[in-house]
Amino acid sequence: MSRPRYNDVVNKGTGACNRRCRSRKIAEARHLDAAEAVATMVQWGWEPLEDYPGAGKPWTCMCGECGTIKKKRLSHVKRGTGGCTSCSGREITADAARNLMVASDLVPQVAYPGSLQPWLSRCKRCDHLGSPTYAKVRRRGHQCWLCRADKISRALQLDPIEAVARMRECGLVPLVPYPGSIELPWKSRCTVCETVLDPGPRLHNLSGGQGGCAVCAERGINPTLPGYLYLVIHEQHQALKWGIANLENRVAQHRSQGWLLLARWNFDLAGDAWEVERQIKSWVRRRGIPRALDAADMKYGGHTETARTTDISELDLLTYVEDLIRRAPDQLANLAPEHAPHQAAVRRSSAQHG
């Protein structure tokens, strides 16, 4: 049955059947015989592995360049949108991605997370952790924050006169001759508070905007100094928080706001702890878990590194961190009796990694 319009039949000449017959005419006009279809696919770099299934249907073919087998539609190939995603670099296997990282002197520590996600890796040149993305390594080669810092420091070497001038610009008076490198501590005196800084700041840190005087400068994270990664919990907020610090009073600040320490891992360089923190955040957010708190909820900052205990348990988070860095915490806090269930779960998990 068909219900054509009078105007279509009389004025447009489309005929009495506007569906089946019209569709058949269009298909006949676009039809290619098998030989012509195969020739078209070969011309665009695809070798068919099965008989031509017909227009608009998936056709199993092999890329003539890389050998990847995919199902392609002839219509897409003819439009120029049926290229090989493997050859273009838009599709990569986990093994191929790992091989490229290793060839770039980076040893992945976790499974391949995707081309644009931070990938925790250990640098073979300096043995420190980093989390570059696969896409950046593929485009730019070796990526390591510490190696990059060393390269920059060598490029920024200063002569003694210029080095002294830089120190004075930062409100510091050198008390000994220039040590010869912007990465070495330089004993000096603060012109603001008259504090003698021994061993003193590094010119590299001063050039990066960090304060030279420990008394006058604002506190922050120094990646070249020892640091630690911590895990705390807040029962009222029903929230977990992970973070890093150089200073011992960081956890004390959170404790004053009702947070309880669950675990702590020490690192020789805070920069390594920062890479682990970044990987934790990426892992949690990829699971669809949002922040638990807003900036107004945390007096001392750090709301972006939080998650609700209803979304992820402290045991799951602790287990992930221990598997990630392959060692148990260096410190497990002794909590009050009412918080014993949290501590018991943490201790049971840590005993398995100890």
Only counting residues at least two apart or in another chain, list the ones meeting side chain to side chain contact (heavy atoms under 4.5 Å, CB included) with [X].
X: Thr133; value: Ala135, Lys136
X: Ser282; value: Gln117, Pro118, Arg286
X: Pro177; value: none

For [X] and [Y], indicate whether the former's side chain and the latter's backbone hold a donor-acceptor pair under 3.5 Å.
X: Arg122; Y: Asp127; value: yes
X: Asp33; Y: Glu36; value: yes
X: Tyr228; Y: Leu247; value: yes
X: Lys72; Y: Gly83; value: yes
X: Ser121; Y: Trp119; value: yes
X: Arg285; Y: Ile289; value: yes

Output all residues satisfying ring pair (Phe, Tyr, Trp, His ring centres under 6.0 Å) with His237, sequence neighbours left out; order by chain, then residue number.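 Only His234 meet the ring pair (Phe, Tyr, Trp, His ring centres under 6.0 Å) criterion with His237.
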Does any donor atom in the side chain of Ser131 or Glu275 lie under 3.5 Å from an acceptor atom in the other side chain?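 Glu275 and Ser131 do have a side-chain donor-acceptor pair below 3.5 Å.
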Tell me the salt bridge (Lys or Arg N to Asp or Glu O under 4.0 Å) pairs involving residues 48-61, sequence neighbours left out?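 Listed by first then second residue: nothing to list.
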Tell me whether Arg166 is salt-bridged to Glu162, with the criterion being a basic N under 4.0 Å from an acidic carboxylate O.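 Result for this pair is yes, salt bridge flagged.
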Side-chain donor-acceptor pairs of residues 293-300 under 3.5 Å, sequence neighbours excluded:
| residue | atom | partner | partner atom | Å |
| --- | --- | --- | --- | --- |
| Asp297 | OD2 | Asp294 | N | 2.9 |

